[in-house]
Each structure stands twice: as C-alpha cells, then as structure tokens.
Amino acid sequence: MRTHTCSQLNESSIGQTVTLCGWVNAYRGHGGGLIFVDMRDRAGITQVVFDSDDGNEAVMEAGDRLRNEDCIQITGVVRARGKANPKIATGAIEVLVTELEVLSKTKKLPFIPSNEKDLPNEEVRLRYRYIDMRRPVMQNILRTRHRVTKLTRDYFDEHEFIEVETPVLCRSTPEGARDFLVPSRNQEGMWYALPQSPQLFKQILMVGGCDRYLQIVKCFRDEDPRADRQAEFTQIDLEMSFVDRDQVLELIEGFAKHLWKEMLEVELPDFPRMTYQDAMDTYGIDRPDTRFDLKLVDISDLAAKADFAVFTDALAKNKGVVKAIRVPGAATKFSRKVTDKFNPFVEQFGAGGAPTAKFVDGEFSTGISKFLGDIKDELIERLGLEDGDAVVFGADSYNICTKALGELRLKIAREHDYIPEGKWNFLWVYDFPMFEYDEESERYHSLHHPFTAPTKAELERFMACDAKDVDTVESIVSDGYDMICNGSEICGGSIRIHQQEVQSKVFELLGMSHEEAKLKFSFLLDALTYGAPPHGGVAFGLDRLVMHLIGTENIRDVIAFPKSLTGVDLMSEAPNMVDDEQLEELHVRSTAKVHS
RNA sequence: GGGGCGGUAGCUCAAUUGGUUAGAGCCCCGGACUGUCGAUCCGGAGGUUGCGGGUUCGAUUCCCGUCCGCCUCGCCA
C-alpha cells in the first residue's frame with residue numbers, strides 16, 4: 001500500500017512519486033487553496049500539502065475534510081520546501097498530494113495523541129490504549145521492550161541456553177502468593193493454577209538434562225498491585241546445571257552489562273557484593289540504594305549512656321537497638337513541619353517515632369538535643385557530624401528500627417534531593433537467611449523460596465538443626481542472591497537443592513508433614529532421587545528492567561495492556577461476568593453477592 | 001482488609017460563606033484565510049457536577065453510604 005514510511009523521504013527523493021500511509025498528526029488549513037497535513041506513522045512524520053494551484057478540485061475538497069487521527073493513504077510528488085522545518089527529520093521536503101484515500105475516518109477523539117503536552121489522566125489513556133499507543137513515546141517503549149527481549153534471547157543463545165515453554169495450566173502450590181485458579185471441565189471439582197513462576201519446571205528441566213534453559217514467560221500472582229507491581233507480569237527465567245554461585249553471578253552480571261551497553265551505551269563496572277546482614281545493618285533494607293549515603297549507624301552503646309527513656313526502653317527490648325542517620329546539610333532543610341511528618345511515617349512500620357536533632361555551631365539543637373548532652377562528643381565522632389547536619393534516630397527492636405529507618409532514609413533522600421541523577425548502582429546481595437520465624441503464624445517462612453539450597457558450608461549444620469531451635473534455624477545461610485539496581489530488585493536467584501533429603505528437611509522445617517510434602521511436591525521429590533544435577537539460576541523481572549531503561553516509576557508504562565490497581569483491564573473490561581451455563585460446565589457455582 | 005488523595009462538558013480545569021441560567025481553553029460543528037508547522041481569526045453546539053440517600057427555602061459545595069481511579073501499609077514463597 002505504501003512506497004515509503006513517513007521517516008524515509010529526504011532531499012534526494014525530490015521529484016519522486018511516492019505513496020504514504022498513516023494518521024493525520026496535525027492539520028493546518030488555509031481555506032480553499034492550501035492545506036498542510038502532517039502525516040505520522042510508526043517511523044516518523046512527513047508534511048503533505050494540498051495545493052489548489054497544483055492539485056485537482058476533488059482532492060482539495062477531500063483534504064479539507066480531514067481531521068486529526070484520520071487514517072489516510074496519499075500519493076504525490078516529493079518537492080523541496082520553501083523553508084525547512086528543523087524539528088522533524090523530513091523537514092526539508094514535503095509531498096504535494098495528487099491522490100487521497102481516507103482509509104478510516106475517526107470520530108471525535110477522547111484525546112489527541114500528538115499533543116504530548118496536554119495528555120489526559122492515565123485512566124483515559126488506558127481506556128483508549130490504542131490511541132495512547134500511537135504516541136511516539138509509547139511506540140518507543142514497545143520497541144525498547146522488544147529490543148530487550150531480543151538481546152536477551154541472543155545473549156543466552158550464544159551461551160548455549162535453549163528456550164523451553166513450560167505449562168500455563170499448573171498444579172496449585174499453596175506456598176507463596178495467592179494463586180489464580182482455573183476450573184477443570186474434564187476433572188470435576190479440580191482446579192488448575194496459573195504459574196507464579198516456572199520454578200519447579202525449570203528444575204525438572206535440569207534433572208531432564210537440558211543443562212541450560214531460558215524462557216521469557218508470563219507469571220501470575222493474585223496479590224494487590226502497586227505502582228511497580230502487576231498481578232500478571234513477565235520474567236526472564238533461566239536455569240543452569242553444574243554451576244556454583246559465582247559462575248551464575250558472572251554470567252548474569254555479564255548479561256546486565258551487555259544490556260546496559262547495548263541499550264544505553266553505559267559501561268557498568270563490576271558489581272559490588274554485599275551480604276544480607278550488611279545491607280540490613282547499613283541500609284535497613286535487603287535492596288539497598290547505594291547511590292547516596294544516609295547510612296544507618298548503630299549507636300546502641302552510646303544511647304545506653306544517655307538519660308533518655310525512649311533509648312533505654314528500646315534497648316531493654318528483645319534485640320533492642322538505637323540507630324542514627326546523619327543527614328548532611330539538613331539543619332536548614334528539616335523544618336518542624338518536615339520532621340513532624342517523620343513520626344506518622346515510621347509508625348506505619350511499627351516504630352514509635354523518629355526523633356531528630358540538628359547540629360549547628362558545635363551544639364545539638366531542637367528535637368531531642370537536650371537528651372544528647374552526655375554522649376555529644378562520641379556521637380559527633382561516630383556519625384562524622386559536620387556543622388549544619390541533622391540526625392534522625394530510631395530506637396526499637398532490631399527488625400522494626402531497621403525497617404523504619406530504612407524506609408525513612410529513602411523518603412528523606414527522595415524528598416530532599418539526596419539521589420544523584422544519572423547514576424547506575426548495581427550490586428549483588430547474598431548470604432540471605434534460609435528462614436524467618438513468623439510470630440503470627442508460629443512457623444518458619446522461606447526468605448527466598450523453599451527450593452533454595454543452604455550454602456555448602458552450612459549444609460551439615462542445616463541437616464542437623466532442630467526446628468525448635470529458632471536461633472539456629474534463623475542463622476542458616478542460603479545460597480541465594482539478588483541483583484539490585486538503584487535500590488530496586490531486578491533479578492533474584494539461587495543455587496537450588498538437588499538432593500531429596502535436603503529438600504525434605506526444608507519442607508519439614510516449614511511445618512509440612514512428610515505426607516503433606518509428598519502430596520504437594522511428590523514429582524519434585526521423586527525427580528531429585530533420579531540423579532539430579534547440581535543447578536541454579538535466576539529470574540529477572542522484565543517489566544522492571546524496561547522501567548529502568550526508559551526511566552519510569554510506573555509499571556503500566558511498560559506494559560502494552562496493563563491492569564488497574566483493582567485488576568481491571570480498563571480497555572477490554574476484563575474480568576467480566578459469565579453465563580451460568582459456562583459455570584455449569586465447569587462444575588462451579590458463584591457465591592458472589594453481585595450478579596448482573 | 002487498613003490509611004490518604006481524587007472524580008464537574010469528549011479532554012484539561014474553574015466556580016466566592018451553601019445562592020440567579022455551572023464557566024474557560026482544547027476537541028467537535030459552521031464560516032474566513034495561499035506557506036503553515038501546537039497555524040490564525042469569527043461564530044456555534046456540547047452538562048444526570050461518578051451513583052444513591054440525607055440536611056436545607058436552596059447542594060458542585062455540608063453529612064452518610066457506595067462505585068471507580070491513583071498512592072500506600074498489610075500482602076507479594
């Protein structure tokens with residue numbers, strides 16, 4: 001239908017007769033005699049002209065009726081412009097229209113995609129995603145995503161990975177996130193679950209001798225979404241046999257470097273490595289943003305000497321700590337109005353408050369400064385305080401204090417400009433605990449997932465540990481690792497368990513009886529008894545990867561057809577009611593209070 | 001499930017202390033205009049103020065409920 005795209009014509013094309021297809025990006029009419037139309041397609045923009053001096057009446061009249069976003073095909077002759085437009089690539093030329101075909105007329109639009117400066121809110125954009133997608137920005141995102149998946153397949157193909165598809169209709173595994181369920185028609189009363197990840201299948205592929213597996217795969221977790229999280233998302237999932245942790249990290253780090261080089265022309269340095277414990281101690285979070293300092297410093301020993309009930313009460317708690325963050329130059333930034341908001345913020349994370357003090361002219365002032373007299377000099381030295389700094393304190397049990405200050409650190413950094421632009425801070429976090437005891441459910445949870453192996457050094461201690469000995473169980477270190485980029489987890493993985501007795505021990509510690517484990521995971525436990533190779537791998541969040549590459553905080557930006565925070569596709573209006581006959585066939589009856 | 005913000009024309013927004021016929025720009029429709037490039041100028045159409053209830057002589061405005069969107073805590077092995 002066309003001879004060129006809207007980006008291809010230039011001065012060397014002058015005189016040629018060409019045919020273009022695309023949308024009316026802008027319409028500038030000058031009465032009966034002269035009309036300019038900017039035509040847009042995927043590739044770019046070309047100005048076409050309807051001119052009564054050179055064209056015919058019928059074309060002129062049809063051109064007069066064009067409006068923004070009509071889909072058209074024109075044929076005409078390329079000619080030079082009197083005055084070039086430097087804003088567009090084809091600005092030196094225009095096409096004098098001799099034939100116009102309106103392929104598809106638009107009705108009144110909810111918004112004009114060519115007007116980037118006056119976009120409607122996201123709800124409208126999502127409802128009319130097909131209009132939103134016409135915007136070059138959105139086209140660029142889709143192409144960026146495509147390039148990432150292509151680079152991924154190429155990189156891992158070169159390293160002898162093969163892509164294998166795993167099932168979408170799976171067994172439900174009650175561990176982990178809530179499953180999306182699909183009723184079985186043939187097996188009355190039975191249900192499939194959509195995969196939360198292809199974890200077990202990829203391990204089985206290793207047992208099956210595939211050696212190196214890759215898949216770009218949809219995963220589903222029926223939990224409430226967030227700005228950076230959708231219930232339906234895409235993983236770059238891979239697994240390797242006969243490798244140890246460092247070999248996995250090397251290959252995966254190489255991949256990340258390759259991506260950043262190809263996509264952004266950024267040469268990433270080798271990734272630093274940090275233990276989970278260091279990350280928690282220093283940053284209060286297992287995915288530290290190392291682009292800025294504002295580190296958490298333990299001052300428990302000093303706080304014990306201060307005559308301040310908030311400190312001493314906290315230290316009296318089980319695993320009580322007092323920590324402080326030096327905020328450089330914040331004495332002037334931290335008005336009463338600002339610091340007053342810290343308390344309700346940390347209360348969200350269970351902390352009592354986040355007291356502050358300013359350090360001005362060699363003295364502490366405001367906030368809790370009057371309680372700091374006895375430990376002033378030691379505090380200045382410990383925190384490296386300089387004139388004009390502010391200090392934020394946290395005092396509570398280790399877990400609460402660390403979490404609250406870690407989150408407050410990020411809030412302060414964001415709101416008071418402590419995050420430098422244009423930095424890419426990657427790192428590996430490793431040596432996670434295998435388990436965490438959950439007081440509420442009175443049982444252990446896997447920090448990573450229950451197929452993560454303990455490190456080789458821990459294996460003996462792990463196999464011997466007693467479930468009742470919480471301290472020992474919580475101290476077992478796993479062979480898991482996360483790749484962190486600017487404070488966001490973009491990839492996580494581990495060396496997996498390849499020995500049946502080790503896997504059984506994990507299930508046992510998780511409170512699963514032998515029978516229960518057999519019922520839920522018999523195929524895995526069986527497979528591990530038939531010569532399973534040592535193996536490990538990772539999974540990248542593709543959506544998050546693309547978010548970083550295009551620089552957005554909104555996961556919906558990088559998904560062609562995303563869902564709202566209530567799991568609704570605003571365009572297609574999924575989910576929807578179904579007929580009773582459909583339910584009947586599936587042996588399902590609804591208990592929902594709302595019916596159509 | 002909890003907390004916060006929002007919903008007024010197709011879109012982006014305004015509307016004084018609760019007060020006459022709810023306004024403006026863009027879009028759309030009609031007209032003028034031969035070198036524009038977010039064209040310009042003139043005119044016109046366009047409203048269940050998310051929905052339901054309450055208070056009031058009178059509600060976009062106050063109250064209650066509900067729906068939707070966004071942010072967030074819990075949750076996300």
Side-chain angles (χ1 to χ4, degrees), chain A residues 25-38 45-55 60 64-65 67-69 81-88 90-91 94 96 106-128 131 173-179 196-197 199-200 219-231 233 344-350 403-404 407 411 432 434-436 438 440 443-452 478 480 489 492 494 506-507 510 539 541 553-554 556 563-566 568 570 573 594:
Chain A
N25 195 62
Y27 170 94
R28 297 179 292 277
H30 292 255
L34 184 67
I35 302 161
F36 298 101
V37 167
D38 288 343
I45 288 176
T46 300
Q47 171 168 292
V48 303
V49 193
F50 299 78
D51 191 337
S52 61
D53 294 346
D54 305 282
M60 204 63 221
D64 191 40
R65 285 195 296 273
R67 289 297 175 268
N68 281 329
E69 299 306 315
R81 290 208 208 178
K83 202 165 67 185
N85 179 358
K87 287 186 195 166
I88 56 175
T90 61
E94 62 188 10
L96 175 67
T106 182
K107 67 173 186 179
K108 188 172 172 176
L109 294 148
F111 63 100
I112 311 295
S114 59
N115 193 351
E116 285 283 344
K117 284 173 193 157
D118 198 19
L119 285 177
N121 65 46
E122 193 186 13
E123 190 176 345
V124 177
R125 288 174 44 211
L126 291 178
R127 202 167 299 262
Y128 300 95
I131 298 173
T173 51
E175 295 287 315
R178 189 179 296 114
D179 278 329
Q196 297 180 24
S197 96
Q199 181 61 34
L200 295 179
C219 301
F220 306 87
R221 293 176 190 174
D222 190 5
E223 301 291 348
D224 289 352
R226 288 284 191 280
D228 62 349
R229 202 168 86 192
Q230 290 258 307
F233 63 101
F345 179 77
V346 297
E347 278 162 19
Q348 293 183 95
F349 307 102
K403 164 99 177 158
E407 294 289 342
K411 179 186 165 74
F432 290 83
M434 290 268 290
F435 304 100
E436 198 172 42
D438 179 44
E440 210 169 297
R443 45 160 290 200
Y444 297 103
H445 288 274
S446 292
L447 216 76
H448 201 73
H449 58 54
F451 317 107
T452 302
S478 85
E489 181 197 328
S494 61
V506 170
F507 289 148
L510 291 175
E553 311 253 294
N554 181 351
R556 293 179 296 274
K563 295 191 172 54
S564 78
L565 286 180
T566 47
V568 172
L570 295 169
E573 296 182 312
V594 189

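Note that the structure is a prediction, hence the values are computed from the model and not measured. Just so we're on the same page: letters track the sequence lines, and every chain starts at 1. Values below: every heavy atom of this structure, side chains too, minus hydrogens, waters and symmetry copies.
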Trainee: Using a cut-off of less than 4.0 Å, is there contact between a side-chain N or O of Lys83(A) and OP1 or OP2 of U36(B)?
Mentor: yes
Trainee: Considering only atom P, compute the distance from C41(B) to C5(B) and round it to an integer number of Å.
Mentor: 41 Å
Trainee: Any chance you could list the contact pattern along nucleotides 1-13 of chain B? Use B for base contacts, S for sugar-phosphate-only contacts and - for none, protein heavy atoms under 4.0 Å, 5' to 3'.
Mentor: B--------BSS-
Trainee: Would you mind reading off the distance between Arg125(A) atom CZ and G69(B) atom P, rounded to a whole angstrom?
Mentor: 16 Å
Trainee: Please compare Ala84(A) and Arg556(A) by the position of their nearest nucleotide in RNA chain B and report the one closer to 5'.
Mentor: Ala84(A)
Trainee: Side chain of Asp53(A) only, please: which of C27(B), C70(B), U34(B) is the nearest?
Mentor: U34(B)
Trainee: Less than 4.0 angstrom between a side-chain N/O of Thr566(A) and OP1 or OP2 of G69(B), yes or no?
Mentor: yes
Trainee: Grab the CG-C1' distance between Asp438(A) and G74(B) for me, whole Å please.
Mentor: 12 Å
Trainee: Look only at the side chain of Arg221(A) and the backbone of Gln196(A), and say whether a donor-acceptor pair between them is shorter than 3.5 Å.
Mentor: yes
Trainee: Which value, in whole Å, describes the distance between the P atoms of nucleotides C42(B) and G25(B)?
Mentor: 10 Å
Trainee: Roughly how many Å apart are C28(B) and C64(B), using the C1' atom of each and rounding to a whole number?
Mentor: 40 Å
Trainee: Looking only at N and O atoms, is any donor in the side chain of Asn85(A) or the base of U36(B) less than 3.5 Å from an acceptor on the other one?
Mentor: no
Trainee: With both distances under 3.5 Å as the test, what is the Watson-Crick or G-U wobble partner of C57(B)?
Mentor: G19(B)
Trainee: P atom, A59(B) versus G53(B): distance in rounded Å?
Mentor: 13 Å
Trainee: How far, in whole Å, is C73(B) from C37(B) if one measures between their C1' atoms?
Mentor: 50 Å
Trainee: May I have the distance from Glu94(A) (atom CD) to U34(B) (atom P), rounded to whole angstrom?
Mentor: 17 Å
Trainee: Between P on G35(B) and CG on Asp38(A), what's the gap in Å once rounded to a whole number?
Mentor: 17 Å
Trainee: Any donor-acceptor pair under 3.5 Å between the side chain of Arg221(A) and the base of C76(B)?
Mentor: no
Trainee: If you measure from the C1' atom in A22(B) to the same atom in U61(B), how many Å do you get, rounded?
Mentor: 12 Å
Trainee: Side chain of Arg229(A) only, please: which of G74(B), A39(B), G69(B) is the nearest?
Mentor: G74(B)
Trainee: If the P atom of A45(B) is compared with that of G30(B), how far apart are they to the nearest Å?
Mentor: 15 Å
Trainee: If you check the Pro450(A) side chain, which of C73(B), U34(B), A77(B) turns out closest?
Mentor: A77(B)
Trainee: Is the phosphate of U36(B) approached by Arg28(A) (side-chain N or O, under 4.0 Å from OP1 or OP2)?
Mentor: no
Trainee: If only atom types and distance count, is the side chain of Glu553(A) paired as donor or acceptor with the main-chain N or O of Ala227(A) below 3.5 Å?
Mentor: no
Trainee: Quick one: does Arg67(A) reach the base of C29(B) with a side-chain donor-acceptor pair under 3.5 Å?
Mentor: no
Trainee: Send over the distance from Gln47(A) CD to A39(B) C1', rounded to a whole Å.
Mentor: 11 Å
Trainee: Rounded to whole angstroms, how far apart are CZ on Phe36(A) and C1' on C33(B)?
Mentor: 12 Å
Trainee: Could you check how far CG of Asn68(A) sits from P of C26(B), rounded to whole Å?
Mentor: 14 Å
Trainee: Does Thr173(A) get its side chain close enough to the base of A77(B), under 3.5 Å, for a donor-acceptor pair?
Mentor: no
Trainee: Using the rule for Phe, Tyr, His and the six-membered ring of Trp, do His30(A) and G35(B) stack at under 5.5 Å and under 30°?
Mentor: no
Trainee: Please evaluate residues Asp224(A) and Arg229(A) with respect to the criterion salt bridge (charged side-chain N to carboxylate O under 4.0 Å, His left out), reporting the C-alpha separation (whole Å), side-chain torsions for both, the decisive distance (0.1 Å), and the verdict.
Mentor: CA-CA 8 Å; Asp224(A) 289 352; Arg229(A) 202 168 86 192; over 6 Å; no
Trainee: Counting only Watson-Crick or G-U wobble pairs whose two distances fall under 3.5 Å, which nucleotide matches A77(B)?
Mentor: none
Trainee: Who is the Watson-Crick or G-U wobble partner of G44(B), with both distances under 3.5 Å?
Mentor: C28(B)
Trainee: Could you give the CG-to-C1' distance, from Asp64(A) to C29(B), as a whole number of Å?
Mentor: 13 Å
Trainee: Whether Glu123(A) and Arg127(A) form a salt bridge (side-chain N of Lys/Arg under 4.0 Å from carboxylate O of Asp/Glu) is what I want to check.
Mentor: yes
Trainee: Which whole number of Å gives the distance between the P atom of G6(B) and that of A15(B)?
Mentor: 13 Å
Trainee: If we call it a pair only when both distances are under 3.5 Å in a Watson-Crick or G-U wobble match, what pairs with G69(B)?
Mentor: C5(B)
